[in-house]
Amino acid sequence: MTASPARLRVAPSPTGDPHVGTAYMSLFNLAYARATGGQFVLRIEDTDRARYVASSEQQIYDTLHWLGLDWSEGPDIGGPYAPYRQSERLDTYRPFVDQLLEAGHAYYCWCSTERLAELRAEQQASKAAVTGYDRLCLGKTREERAQLPGFSETPVVRMLIPDDVELSFTDVIRGEVSAPRPDDQVILKADGFPTYHLAVVVDDHLMGITHVVRGEEWISSTPKHLLLYRWLGWAEPAFAHMPLLRNTDKSKISKRKNPAARLTWFVEQGYLPEALRNFLQLLAYPPVVEGEDVASFEEFVAAFDWAKVNTTGPIFDLAKLNALNGHYIRALSADELGDRVVEFAVREGQWTQPSEHDDALLRKAVPLVQERLVLLSEAVPKLAYLFTPDAELEIDPDALAKTGPDAAAVVAAATTALAGLGEWNHEAIQAALREALVEGLGIKPKFAFGPVRLAVTGSNVSPPLFESMELLGRESSLARMAKLAARL
RNA sequence: GGCCCGUUCGUCUAGCGGUUAGGACACCGCCCUCUCAAGGCGGAGAUCACGGGUUCGAAUCCCGUACGGGCUACCA
């Protein structure tokens with residue numbers, strides 16, 4: 001029942017911010033590699049010079065590492081099949097192109113992009129049943145083709161798709177699937193770079209990839225790849241086409257429509273990598289234990305099964321991610337959460353040049369908000385009142401307006417009680433305030449502490465009041481009450 | 001237009017011929033409570049896209065239709 005060690009890869013293109021789909025594919029690739037005791041490889045597919053973004057490659061490394069999805073071979077760390085960057089493998093592809101050319105499986109095409117565009121426009125306008133390249137260049141020499149219009153000096157190489165091309169294949173997730181009949185696909189571009197179709201097949205074969213796991217959008221290209229494997233005399237890998245992540249409007253998830261399509265967005269928002277990983281694990285895949293969304297990657301791996309992957313594209317809805325993020329935040333130790341909050345706040349500019357005192361205060365205050373956070377980004381704003389000078393603390397006008405007739409008396413009584421308090425800690429503060437307000441003034445706890453909270457935090461909603469006062473100290477707490485008293 | 005892939009509560013999902021169609025998140029209520037949370041308990045929410053078959057019996061199998069998505073590039 002145990003499968004033999006599998007080699008899988010993820011092959012993102014450095015064309016901008018890393019895509020969330022890359023993380024999703026990586027997660028499933030890595031899981032299966034782990035489940036079988038195999039390897040997970042990272043390959044950079046930078047064959048599109050026009051869309052290439054230099055900074056993107058490093059971002060791919062960073063975000064994938066942030067998620068804990070580590071590879072054992074890749075452009076950054078090398079490996080037995082290096083190089084792992086397609087732009088550095090141009091010499092590798094060329095001989096196979098020549099081989100296909102000689103065997104008659106491929107041919108040169110000198111058609112200009114303009115001619116191709118016109119051809120496509122015509123086909124679309126005439127609603128032709130058959131679309132694709134018209135094979136004008138097939139069987140022609142350069143000289144013969146040059147006589148005809150729409151000629152370009154630099155040719156591309158196209159596959160000659162046979163009439164009897166096999167259109168169905170077995171997918172690890174979907175079983176038997178069929179795909180559209182391919183066009184005479186370009187495999188070598190005019191600039192000498194291979195297209196994805198050639199490069200992916202050559203690299204996957206040469207790198208010993210056993211399972212090609214990719215998005216559903218590649219189903220229609222698979223017959224081309226299968227043809228290439230056959231022509232080159234190579235054994236084909238297993239294919240697993242994952243469903244596409246979708247926007248709320250059900251379209252394929254895109255950076256344009258959905259900020260969450262960018263992996264860096266999660267880092268910027270204050271999501272925990274373990275929460276995102278857990279969330280991704282739940283998309284198109286049932287929980288490891290029914291009814292229990294929370295599961296570690298190890299548990300996921302131990303129960304991993306391609307047959308459990310759904311074929312329906314899940315909508316990427318943040319509500320559950322938020323719930324998971326809150327869960328993982330609460331699961332952290334106070335120290336660990338303190339580290340993460342500080343790291344986040346400094347990195348995202350919420351916290352500039354903290355003094356030693358402020359740093360220590362923030363770490364002491366973080367436990368007060370731990371079970372109140374959904375995102376790391378909420379910590380500093382929620383605790384801002386602790387770092388605001390007493391004189392500058394703003395009182396929420398709405399809360400002030402809603403203040404009851406007892407407010408002045410409450411603040412006065414609280415001030416008296418706290419001024420003479422011996423020990424300054426939250427237990428003592430609470431006891432003193434209860435005695436003075438609840439018992440002394442006969443006000444229900446629910447209402448008694450409202451004015452004090454407003455004075456100390458500036459709001460009627462805040463982290464725990466007594467603990468906050470302990471951290472602020474007596475002097476500051478009393479100053480804030482005096483300030484509110486003046487406005488009541 | 002053509003060819004493919006898909007369709008169970010708002011969302012993520014369980015289900016693989018016989019279930020009161022289960023759970024999670026979100027939502028609502030109650031409890032707890034110094035506010036807000038967290039936690040506990042409970043509730044509402046799915047004629048299983050629709051129409052035909054097959055079958056004693058269908059969310060589950062088959063065929064249509066509708067709807068959604070993908071591909072149809074010298075992009076991946």
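A note on names: the letters A, B, ... follow the listed sequences, proteins ahead of strands, and every chain is numbered from 1.
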Counting side-chain heavy atoms from CB outward, which of [options] is closest to [X]?
{"X": "A/Gln430", "options": "B/A26, B/G69, B/C34", "answer": "B/C34"}
{"X": "A/Glu45", "options": "B/A76, B/C12, B/A73", "answer": "B/A76"}
{"X": "A/Thr312", "options": "B/U7, B/C25, B/C74", "answer": "B/U7"}
{"X": "A/Leu282", "options": "B/C74, B/C5, B/C12", "answer": "B/C12"}
{"X": "A/Arg174", "options": "B/C25, B/G6, B/C74", "answer": "B/G6"}
{"X": "A/Pro464", "options": "B/C34, B/C74, B/C25", "answer": "B/C34"}
{"X": "A/Ser178", "options": "B/C5, B/A76, B/C74", "answer": "B/C5"}
{"X": "A/Asn310", "options": "B/A76, B/A14, B/U7", "answer": "B/A14"}
{"X": "A/Ser13", "options": "B/A76, B/C74, B/U35", "answer": "B/A76"}

Tell me which nucleotide, if any, is Watson-Crick or G-U wobble paired with [N] when both distances must be under 3.5 Å.
{"N": "B/U54", "value": "none"}
{"N": "B/U20", "value": "none"}
{"N": "B/G1", "value": "B/U72"}
{"N": "B/G6", "value": "B/C67"}

Subject >> Strand contacts (RNA chain B) in residues 109-117 of chain A, 4.0 angstrom heavy-atom criterion >> reply: A/Cys111, A/Thr113, A/Leu116
Under 3.5 Å, is there any donor-acceptor pair linking the side chain of [X] to the base of [N]?
{"X": "A/Arg181", "N": "B/C3", "value": "no"}
{"X": "A/Arg372", "N": "B/U35", "value": "yes"}
{"X": "A/Glu216", "N": "B/G6", "value": "no"}

Are a donor atom and an acceptor atom from the side chains of [X] and [Y] found within less than 3.5 Å of each other?
{"X": "A/Arg256", "Y": "A/Ser254", "answer": "no"}
{"X": "A/Tyr385", "Y": "A/Ser462", "answer": "no"}
{"X": "A/Ser168", "Y": "A/Glu166", "answer": "yes"}
{"X": "A/Gln124", "Y": "A/Arg120", "answer": "no"}
{"X": "A/Asp203", "Y": "A/Tyr84", "answer": "no"}
{"X": "A/Ser333", "Y": "A/Glu336", "answer": "no"}
{"X": "A/Thr312", "Y": "A/Asn310", "answer": "no"}

Please report the distance separating the [atom1] of [N] from the corresponding atom of [M], rounded so that it comes out in whole Å.
{"N": "B/G45", "M": "B/C28", "atom1": "C1'", "answer": "11 Å"}
{"N": "B/A38", "M": "B/C34", "atom1": "C1'", "answer": "15 Å"}
{"N": "B/G64", "M": "B/A26", "atom1": "P", "answer": "42 Å"}
{"N": "B/U19", "M": "B/C63", "atom1": "P", "answer": "25 Å"}
{"N": "B/G18", "M": "B/A59", "atom1": "C1'", "answer": "13 Å"}
{"N": "B/C16", "M": "B/G22", "atom1": "C1'", "answer": "15 Å"}
{"N": "B/A21", "M": "B/U60", "atom1": "C1'", "answer": "11 Å"}
{"N": "B/A73", "M": "B/C3", "atom1": "P", "answer": "16 Å"}

Please report the distance, rounded to the nearest Å, between [atom1] in [X] and [atom2] in [N].
{"X": "A/Leu375", "N": "B/A37", "atom1": "CG", "atom2": "P", "answer": "16 Å"}
{"X": "A/Lys320", "N": "B/A26", "atom1": "NZ", "atom2": "C1'", "answer": "9 Å"}
{"X": "A/Phe449", "N": "B/C34", "atom1": "CZ", "atom2": "C1'", "answer": "5 Å"}
{"X": "A/Glu217", "N": "B/C3", "atom1": "CD", "atom2": "C1'", "answer": "17 Å"}
{"X": "A/Leu198", "N": "B/A73", "atom1": "CG", "atom2": "P", "answer": "18 Å"}
{"X": "A/Glu166", "N": "B/C4", "atom1": "CD", "atom2": "P", "answer": "13 Å"}
{"X": "A/Ile253", "N": "B/G68", "atom1": "CD1", "atom2": "C1'", "answer": "16 Å"}

Original post:
Does the pair A/Arg340 and A/Glu274 meet the rule for a salt bridge (Lys or Arg N to Asp or Glu O under 4.0 Å), with working shown?
Top reply: CA-CA 13 Å; A/Arg340 299 224 201 177; A/Glu274 47 271 59; 2.8 Å; yes
